[in-house]
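See structure below.
All values derive from a computational prediction rather than experimental measurement. Chain naming here is simple, since letters A, B, ... match the order of the sequence lines and numbering starts at 1 in each.
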Amino acid sequence: MRSLENLLAASKWASALSAEDLQRTRTAVVIRELQPGVYACRKGDPSNFWFGVIDGLLKAESLSETGKAVTFATLPSNSWFGEGSILKGEARKYDVIALRDSRVALMPAATFFWLLDTNIPFNRFILTQLNERLGQFMGAFEHDRLDEPEARVAHTIADMLHPQLYPNREGRIEISHEELGHLVGASRQRVNQALHALEKSGLIKVAYRVITVLDIEGLRTFGV
DNA sequence: TCATTAAATTGTT
DNA sequence: AACAATTTAATGA
């Protein structure tokens, strides 16, 4: 299992802090273990923390009134999330749920704002994070309208390995076809077929609950 | 370690 | 949506 130190070592903003400030940050952070299906936070909760994923995989989703799940993003190790609601001082807008055994770091809002007030690299990190996420969602919006299901699956998988938002990831994604379906906005069956088509094209390799990316560039440019 | 069973996931229609 | 097949995890000999 990875530790808080692993997460901090992989986070650009943390390596820019003085030893003193990093220590202050470290002591303010709380660690929480989440079993599959457990909520990191729920829609409507007050935004008291900024979240960092130490290990595991989470999803940010919204549930429609009829119970249909729409997943907006998956959050792998080394990613940080929740800055949007904290900055706006508003309640959480989405549910965040562990997809498998996970460990998250909770940075109190007070620490978050202290870093924001005193540290330029931290500001740059947040700015870049918001900008990259905006670009990713705009891309998803565009793909949703233009792409065939195969291409949507391809682009979604490529997005999960986004270098800026999710640094230092292996090309190995542990997720079920059903969860991928929630993320892509397609049925489990359709995802299943698309994955096999992509495997035949030599872009990925599929195994039980595991997708291995062989050609990320090929996935990005699939169907465009 | 191996066999059995239940649960989760995948393949197919 | 339904059903069969496969993989994994858990249990106990």
Side-chain angles (χ1 to χ4, degrees), chain A residues 1-3 6-7 31-43 51 53-79 81 94-105 136 139-140 143-162 165-166 168-223:
Chain A
M1 217 9 146
R2 291 160 45 85
S3 70
N6 296 136
L7 172 61
I31 309 292
R32 208 146 80 83
E33 310 280 345
L34 303 175
Q35 294 178 311
V38 172
Y39 289 84
C41 66
R42 308 198 60 161
K43 192 192 294 191
F51 294 93
V53 183
I54 296 172
D55 207 347
L57 184 69
L58 314 182
K59 64 172 174 178
E61 77 168 13
S62 194
L63 228 51
S64 75
E65 291 177 15
T66 55
K68 276 178 292 184
V70 178
T71 303
F72 298 107
T74 53
L75 307 157
S77 318
N78 297 334
S79 59
F81 67 94
Y94 314 108
D95 296 322
V96 179
I97 306 169
L99 288 177
R100 53 175 192 260
D101 280 311
S102 302
R103 177 177 289 170
V104 294
Q136 195 170 40
H143 295 160
D144 188 54
R145 306 221 159 170
L146 299 177
D147 293 354
E148 298 294 312
E150 275 88 10
R152 290 225 306 278
V153 172
H155 296 152
T156 300
I157 293 172
D159 277 350
M160 283 195 256
L161 299 175
H162 191 292
L165 287 173
Y166 314 125
N168 309 326
R169 284 209 81 192
E170 304 164 5
R172 185 175 184 283
I173 299 170
E174 198 176 316
I175 192 171
S176 72
H177 296 183
E178 182 161 18
E179 286 298 345
L180 194 52
H182 291 159
L183 190 57
V184 173
S187 69
R188 179 178 75 71
Q189 292 90 331
R190 202 65 194 76
V191 169
N192 187 305
Q193 292 185 345
L195 286 175
H196 283 102
L198 294 175
E199 182 172 44
K200 245 178 223 138
S201 306
L203 300 175
I204 60 174
K205 196 155 70 70
V206 301
Y208 189 80
R209 260 186 80 81
V210 175
I211 298 164
T212 307
V213 175
L214 305 175
D215 180 0
I216 177 117
E217 211 39 52
L219 287 175
R220 285 214 181 85
T221 57
F222 190 93

Next item on the list: Ignoring the backbone of A/His196, work out which of B/dT13, B/dG11, B/dT9 is nearest its side chain.
Entry: B/dG11
Next item on the list: When you get a sec, tell me which of B/dT12, B/dT9, B/dG11 is the closest nucleotide to the side chain of A/Ser176?
Entry: B/dT9
Next item on the list: Output yes when a side-chain donor or acceptor of A/Asp55 lies under 3.5 Å from a complementary backbone atom of A/Met1, and no otherwise.
Entry: no
Margin query: Can a donor-acceptor pair be found, under 3.5 Å and without considering hydrogens, that links the side chain of A/Arg190 to the backbone of A/Pro149?
Written below: no
Separation of [N] [atom2] from [X] [atom1] (nearest whole Å):
X	N	atom1	atom2	result
A/Ile211	B/dT10	CD1	C1'	12 Å
A/Arg188	C/dA2	CZ	P	12 Å
A/Glu178	B/dG11	CD	P	14 Å
A/Gln189	C/dA4	CD	P	16 Å
A/Asp101	C/dA9	CG	P	11 Å
A/Arg209	B/dA7	CZ	P	17 Å
A/Leu180	B/dT9	CG	P	13 Å
A/Glu174	B/dT9	CD	P	10 Å

Item checked: Closest-nucleotide ordering on DNA chain B, the 5'-leading residue of A/Ala207 and A/Gln193 -> A/Ala207
Margin query: If only side-chain N and O atoms count, and only distance matters, is there a donor-acceptor pair under 3.5 Å linking A/His155 with A/Asp159?
Written below: no
Next item on the list: Look at A/Asn192 and B/dT10 and indicate whether a side-chain polar atom (N or O) is within less than 4.0 Å of OP1 or OP2.
Entry: no
Check: OP1, OP2 of B/dT9 versus side-chain N and O of A/His177: anything below 4.0 Å?
Finding: no
Checklist line | A/Glu150, A/Lys200, A/His177, A/Lys205 screened by side-chain contact (heavy atoms from CB on, under 4.5 Å) with A/Leu195, the one that passes | finding: A/His177
